[in-house]
Amino acid sequence: PISEKVYAKRYGDCKDKSLLLVSMLKAGGIEAYMTLVNADLNDKIDQFIPTSGAFNHAVVVAIIDGKQVWVDATISNQGGDGTDIYFPDYGKGLILKPGNSELSAIPVSPTGRVVCLETYTVKDENSKVKFDVSTTYTREQADRQRDKIAEASMTETEKSYLDYYSKIYPKIEATDSIRVIDDPHKNVLTMIESYTIGNFYKKDS
């Protein structure tokens, strides 16, 4: 079977991964179907006449306790427990189920947030200012950040963050490595940065 070949190769496109996921779910006694969507047109797809090129992406819908659970098997490093995972807003899709020829509306998944807290600790006007940054990502924002961290080394990440703040504070220095606190079950990721800033104050005219 194709799903066994995909599993053996550890590689595949959206159709391959969706088929493999459907096969695994069905083997576990869970009703599941591959679904075709258009990741560019989203819910506007029903405004076009039927065509072989209508869809450009494949996802999965599973029926668990009578509830539809949508999964995009191509999303890497995704967090969340059980059925509580983020699913992109693809709008409508064609569920590949015997006898079905109608597009189905896909529920909109709750979106995540990025909350950044910057703390400046000032001792006096001549001392370096302690600068701490705590950024918390939730749901799909955590998924994206987790993916970025996996793709780049921490050294590269720390350099890019320092370069960003250097444009604002030329005399900034990192005082510690970036700390990553990841809770994949709740799908919450927090990054903590620590710096000092020299010449923080400038006398005006």
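The analysis underlying the following values was restricted to heavy atoms, covering all of them including side chains, and did not include hydrogens, waters or symmetry mates. Everything numeric here is computed off the predicted structure, so don't read it as measured data.
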### Query
Do D163 and K159 pass the salt bridge (Lys or Arg N to Asp or Glu O under 4.0 Å) test, and can you show the C-alpha distance, the side-chain angles, and the key distance before you say yes or no?
CA-CA 6 Å; D163 288 345; K159 183 179 183 305; 2.9 Å; yes
### Message
So for atom CD, which belongs to Q47, do other residues, nucleotides or ligands contribute more than 12 heavy atoms lying within a distance under 6.0 Å?
### Response
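More than 12 within 6.0 Å, yes.
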### Query
In this structure, are over 12 heavy atoms from other groups packed under 6.0 Å from Y164 atom OH?
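Counting other residues, nucleotides and ligands, OH of Y164 stays at 12 neighbours or fewer.
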To check you understand the geometry: which heavy-atom pair defines the closest contact between [X] and [Y], and what is its length?
X: L162; Y: A174; answer: CD1-N, 4.2 Å
X: V133; Y: C116; answer: CG1-SG, 3.8 Å
X: K128; Y: E173; answer: NZ-OE1, 3.4 Å
X: L94; Y: S101; answer: CD1-C, 4.0 Å
X: Y86; Y: S109; answer: CD1-OG, 3.5 Å
X: N38; Y: A54; answer: ND2-O, 2.7 Å

### Message
Quick one, T157 and M154 - any side-chain contact, counting heavy atoms below 4.5 Å?
### Response
yes
### Task
For the residue pair Y201 and V122, establish whether any side-chain heavy-atom pair is separated by less than 4.5 Å.
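Heavy-atom side-chain distance check passes, below 4.5 Å.
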To the nearest 0.5 angstrom, please state how far the [atom1] atom of [X] sits from the [atom2] atom of [Y].
X: E156; Y: K148; atom1: CD; atom2: NZ; answer: 14.0 Å
X: D43; Y: D89; atom1: CG; atom2: CG; answer: 7.0 Å
X: F200; Y: I172; atom1: CZ; atom2: CD1; answer: 10.0 Å
X: L96; Y: F55; atom1: CG; atom2: CZ; answer: 8.0 Å
X: I95; Y: E102; atom1: CD1; atom2: CD; answer: 11.5 Å
X: L36; Y: C14; atom1: CG; atom2: SG; answer: 8.5 Å

Can you give the donor-acceptor pairs under 3.5 Å from side chains of residues 61-76 to other protein atoms, not counting sequence neighbours?
unit_1	atom_1	unit_2	atom_2	d
Q68	OE1	W70	NE1	3.3
D72	OD1	H57	NE2	3.4
D72	OD1	T74	N	3.0
D72	OD1	T74	OG1	2.6
D72	OD2	H57	NE2	3.0
D72	OD2	Y90	OH	2.7

According to a hydrophobic-cluster definition based on side-chain heavy atoms being under 4.5 Å apart (Ile, Leu, Val, Met, Phe, Trp, Tyr only), do [X] and [Y] belong together?
X: L189; Y: I85; value: no
X: V59; Y: L25; value: no
X: V37; Y: L21; value: no
X: V114; Y: V188; value: no

### Task
List the steps and the verdict of side-chain contact (heavy atoms from CB on, under 4.5 Å) for I197 and Y120.
CA-CA 9 Å; I197 305 172; Y120 298 82; 4.2 Å; yes
### Message
Do the side chains of D143 and R139 get close enough for a salt bridge, i.e. N-O under 4.0 angstrom?
### Response
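Salt bridge between D143 and R139, a charged N being under 4.0 Å from a carboxylate O: no.
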### Query
Looking at D147 and R144, does any basic side-chain N land under 4.0 Å from a carboxylate oxygen?
no
### Task
Apply side-chain contact (heavy atoms from CB on, under 4.5 Å) to N77 and I149, showing your working.
CA-CA 10 Å; N77 302 299; I149 293 172; over 6 Å; no
### Task
Test R146 against N187 for side-chain contact (heavy atoms from CB on, under 4.5 Å), laying out the working first.
CA-CA 10 Å; R146 197 178 289 114; N187 206 8; 2.9 Å; yes
### Task
Please name all residues satisfying side chain to side chain donor-acceptor pair (under 3.5 Å) with T111, sequence neighbours left out, ordered by chain then number.
none
#### Entry: Intermediate values then yes/no, ring pair (Phe, Tyr, Trp, His ring centres under 6.0 Å), Y195 and Y169
CA-CA 11 Å; Y195 307 96; Y169 308 113; 9.3 Å; no
### Message
Run the side-chain contact (heavy atoms from CB on, under 4.5 Å) test on K97 and E31 for me, step by step, so that the C-alpha distance in whole Å, both residues' side-chain angles and the decisive distance to 0.1 Å come before the verdict.
### Response
CA-CA 11 Å; K97 182 179 181 180; E31 183 182 359; 4.1 Å; yes
### Query
Do any N or O atoms from the side chain of S194 and from the backbone of T175 form a donor-acceptor pair under 3.5 angstrom?
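Checking the backbone N and O of T175 against the side chain of S194, no donor-acceptor pair under 3.5 Å is found.
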